[in-house]
Structures are given as C-alpha cells and as structure tokens.
Amino acid sequence: AAQAAQAARDLAASVEERGAEVRALRAELSRLERQLGEQLSDTAARAEEAEGARDAAVAALLEAEQGRARALEGAAEEKARAEKEQHYAQQAETAARDASAA
C-alpha cells in the first residue's frame, strides 16, 4: 500500500509537471502569436506607405511627362509659326524682286 501511495504521489507530481510545461508552452504560443500579429501589422503599414510613395512617384512621372508633351507641342507650334514666317518673308522678297525688275 505504501508503494502504491508513493506511485500515486509520483504520478500526481509528474502530471503537475506536465501541466506546468503545457501552461508554459501555451504562454509562449500566445506571446509568439501576439508578436506575429504585431509584425504583420507593421508589415502592412510599411506596405501601405510604400504603395503611397509609389503612387506619388507615378503621379510625379505622369505630371513630368505631361509637361514634356506640352513643351513638345509648344515647340512644334513655334517651329510651324517660324516656317510660316519664313515662307511669307520669301514671298515678300520674291515680290520685291519682281517689282524692282518691272
């Protein structure tokens, strides 16, 4: 009977030790889950910031490209105007030569 009582006490102590180990593992698991949640939240926030920066960069590039297109359009108009003025000047020069020859 004494051996059985000792065996029961040993078994109870072993069960208590295993229970303590399980509680410690659950606490560690909870801590790791919280840490993972925080890391995921931080990663999501950084991804959102990066997306905002990317959107701003795309908007800046688009604005620069639109400015470039306006500049090219202005240059083309200026070139057309200069060509037209040169044509009129040549016509006036030809008319002046014709008038002085006549």
Side-chain angles (χ1 to χ4, degrees):
Q3 283 182 331
Q6 184 60 43
R9 283 192 297 273
D10 290 347
L11 182 58
S14 177
V15 166
E16 182 58 34
E17 287 176 20
R18 296 293 179 250
E21 289 174 5
V22 167
R23 287 188 296 278
L25 288 171
R26 284 183 178 155
E28 179 67 7
L29 179 59
S30 292
R31 185 189 70 76
L32 290 171
E33 286 174 339
R34 278 192 309 276
Q35 185 179 18
L36 179 59
E38 291 169 2
Q39 289 173 348
L40 287 174
S41 179
D42 290 347
T43 300
R46 284 195 305 272
E48 193 172 315
E49 288 172 9
E51 187 175 333
R54 187 204 68 210
D55 290 348
V58 167
L61 285 172
L62 179 60
E63 186 175 328
E65 196 59 31
Q66 288 172 341
R68 181 174 170 265
R70 285 190 299 272
L72 288 173
E73 184 179 317
E77 290 172 358
E78 180 66 28
K79 180 181 176 190
R81 189 170 68 252
E83 288 173 351
K84 188 181 281 188
E85 287 175 3
Q86 183 181 10
H87 176 68
Y88 291 147
Q90 288 172 346
Q91 284 181 333
E93 194 177 305
T94 301
R97 274 197 307 259
D98 290 347
S100 67

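Since the structure is predicted, the reported quantities are computational estimates derived from the model, not experimental observations. For the numbers below, each heavy atom of this structure counts, side chains included, while hydrogens, waters and symmetry mates do not.
Side-chain contact between Asp98 and Thr94 is present, with heavy atoms from C-beta onward closer than 4.5 Å. For the pair Gln35/Leu32, a side-chain contact is recorded, criterion being any heavy-atom separation below 4.5 Å from C-beta on.
Partner His87 forms a side-chain contact (heavy atoms from CB on, under 4.5 Å) with one of Gln91, Lys84, Glu85 and no other, that one being Gln91.
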With salt bridge (Lys or Arg N to Asp or Glu O under 4.0 Å) as the test, would you mind laying out the steps for Glu73 and Arg70 before giving the verdict?
CA-CA 5 Å; Glu73 184 179 317; Arg70 285 190 299 272; over 6 Å; no
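Rounding to the nearest 0.5 Å places CD of Glu49 at 8.5 Å from CZ of Arg46. In this structure, CD on Glu93 lies 10.0 Å from CD on Gln86, to the nearest 0.5 angstrom. To the nearest 0.5 Å, atoms CD (Glu83) and CD (Glu78) are separated by 10.5 Å. In this structure, CG in Leu36 is found 10.5 Å from CG in Leu29, a value given to the nearest 0.5 Å. Atom CG of Leu25 is separated from atom OG of Ser30 by 11.0 Å, given to the nearest 0.5 angstrom. Here CG of Leu72 is found 8.5 Å from CD of Glu65. Values are rounded to the nearest 0.5 Å.
Within 6.0 Å of the CD atom in Gln90, the count of heavy atoms belonging to other residues, nucleotides or ligands exceeds 12. Heavy-atom neighbours of Gln39 CD from other residues, nucleotides or ligands within 6.0 Å: above the threshold of 12.
A donor-acceptor contact shorter than 3.5 Å is absent between the side chain of Ser14 and the backbone of Asp10.
The pair Glu28-Arg31 meets the salt-bridge criterion, since a charged nitrogen lies less than 4.0 angstrom from a carboxylate oxygen.
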